[in-house]
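Letters A, B, ... are given to chains in the order of the sequence lines, protein chains preceding strands, and every chain is numbered from 1.
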2 protein chains.
Amino acid sequence: MASNKREQFTAAQQQTAAIAKALGHPARVAIMQLLAQREACVCGELVLALPLSQSTVSQHLKELKAAGLVQGEVDGARVCYCIDVAGWALARQLLGDLLAELPTATAGPTNCC
Amino acid sequence: MASNKREQFTAAQQQTAAIAKALGHPARVAIMQLLAQREACVCGELVLALPLSQSTVSQHLKELKAAGLVQGEVDGARVCYCIDVAGWALARQLLGDLLAELPTATAGPTNCC
DNA sequence: ATTTGTCATCGTAAATCGACGATAAGCAAA
DNA sequence: TTTGCTTATCGTCGATTTACGATGACAAAT
């Protein structure tokens, strides 16, 4: 029962949190960077580029896929992972909105009380 | 031994992941929004605004504070929470960098392989 | 057909998370 | 000082996460 209460929040808040959570591990950040820079693509390449075992990398990829950030295409015996353009656009919007929600900097008064 | 391997990643990757992780829960997203919009500030107000118990909200605040996103000032018997300007700027930069790392949209070829 | 290589899944173990009530610690008012 | 309000911390519970090796599934090569 770690989180039944999630339903009590906005859909946008849940989506934002889900995306942030998916990015909430250094390995997954690294994977997204590798994919973005096209330095790696096939699962095996990612395994070589990361200090983790094959099964662990596969699990991280599964989570990124579940969050809609990544997309996997089977290519023969291999699987090519790409960034999911639509999902990434949503992430950009949701996280961007959240980041923009605070007036850039010390624009207003620093203290709230 | 859930994550000894974190040390194997870049400092930037770890920081990015830590910030994303802190935002990886709807309650904490909601708290950041409430603070950003100055709709609430004192811990008690946050508790009223959220469908969670006082101790749970306190714990979420603790995590946000640990991530450097939030700052708490004692004001008599109450505690006023504000967004940590410096930490938030760092979050903006790190997450912004990550989001920008992918060429905006369908600029390049959609497939990688 | 057998072997090899690639990837996903299963099972497992330790650690962490999310949530709560209960309790402590602090200040403010009576 | 005693009472009451506000917040933090403790202890606990089940659920989830992270990680791994082992095993399975499937394509390609021998």
Distance in angstrom units between [X] [atom1] and [N] [atom2], rounded:
X	N	atom1	atom2	answer
L23(A)	dT18(D)	CG	C1'	17 Å
R78(A)	dT6(C)	CZ	P	6 Å
L50(A)	dC20(D)	CG	C1'	15 Å
L64(B)	dG18(C)	CG	C1'	14 Å
E63(B)	dT7(D)	CD	C1'	17 Å
Q8(A)	dG18(C)	CD	P	16 Å
L48(B)	dT6(D)	CG	C1'	12 Å
L52(B)	dA19(C)	CG	P	6 Å

B/S/- along nucleotides 21-30 of chain D (protein heavy atoms under 4.0 Å) is BB----SS--

Taking Q14(B) for its side chain and F9(B) for its backbone only, find out whether a donor-acceptor pair lies under 3.5 Å.
->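 Confirmed, Q14(B) side chain pairs with F9(B) backbone.
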
Looking at every heavy atom in both [X] and [Y], which two are closest together, and how far apart are they?
X	Y	result
L46(A)	A40(A)	CD2-CB, 3.7 Å
P26(B)	A17(A)	N-CB, 3.3 Å
I83(B)	Q71(B)	O-OE1, 4.0 Å

Indicate every side-chain donor-acceptor pair of residues 55-69 of chain A with a distance under 3.5 Å to a residue at least two apart or in another chain.
residue : atom : partner : partner atom : Å
S55(A)  : OG   : S53(A)  : OG           : 3.3
T56(A)  : OG1  : S53(A)  : OG           : 3.0
H60(A)  : ND1  : R28(A)  : NH1          : 2.9
E63(A)  : OE1  : R28(A)  : NH1          : 3.3
E63(A)  : OE2  : R28(A)  : NH1          : 3.4

Set of residues satisfying side chain to side chain contact (heavy atoms under 4.5 Å, CB included) with respect to Q93(B), sequence neighbours excluded |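 By the side chain to side chain contact (heavy atoms under 4.5 Å, CB included) rule, Q93(B) matches D97(B).
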
Q33(A): side chain to side chain contact (heavy atoms under 4.5 Å, CB included) partners, not counting sequence neighbours |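 Q33(A) satisfies side chain to side chain contact (heavy atoms under 4.5 Å, CB included) with V29(A), Q37(A), Q13(B), L98(B), E101(B) only.
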
Presence of [X] side-chain N/O under 4.0 Å of [N] phosphate oxygens OP1/OP2:
X	N	result
K21(B)	dC17(C)	yes
Y81(A)	dT6(C)	no
T56(A)	dT18(D)	no
H60(B)	dC17(C)	no

Considering only dT7(D), dC20(D), dC7(C), which nucleotide approaches the side chain of V79(B) most closely?
->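 Shortest atom-to-atom distance from the side chain points to dT7(D).
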
Tell me, do L99(A) and W88(B) make a side-chain contact under 4.5 Å, heavy atoms counted?
->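 A side-chain contact under 4.5 Å exists here.
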
Considering only heavy atoms, which members of residues 27-35 of chain A lie under 4.0 Å from some atom of DNA chain D?
->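 Heavy-atom cutoff 4.0 Å gives R28(A).
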
Does any pair with a residue in residues 80-90 of chain B pass salt bridge (Lys or Arg N to Asp or Glu O under 4.0 Å), and if so which ones, sequence neighbours excluded?
->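 Qualifying pairs, neighbours excluded: none.
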
Nearest nucleotide by nearest heavy atom, which residue falls closer to the 5' end of DNA chain C, Q59(B) or G44(A)?
->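 Nearer the 5' end of the strand: G44(A).
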
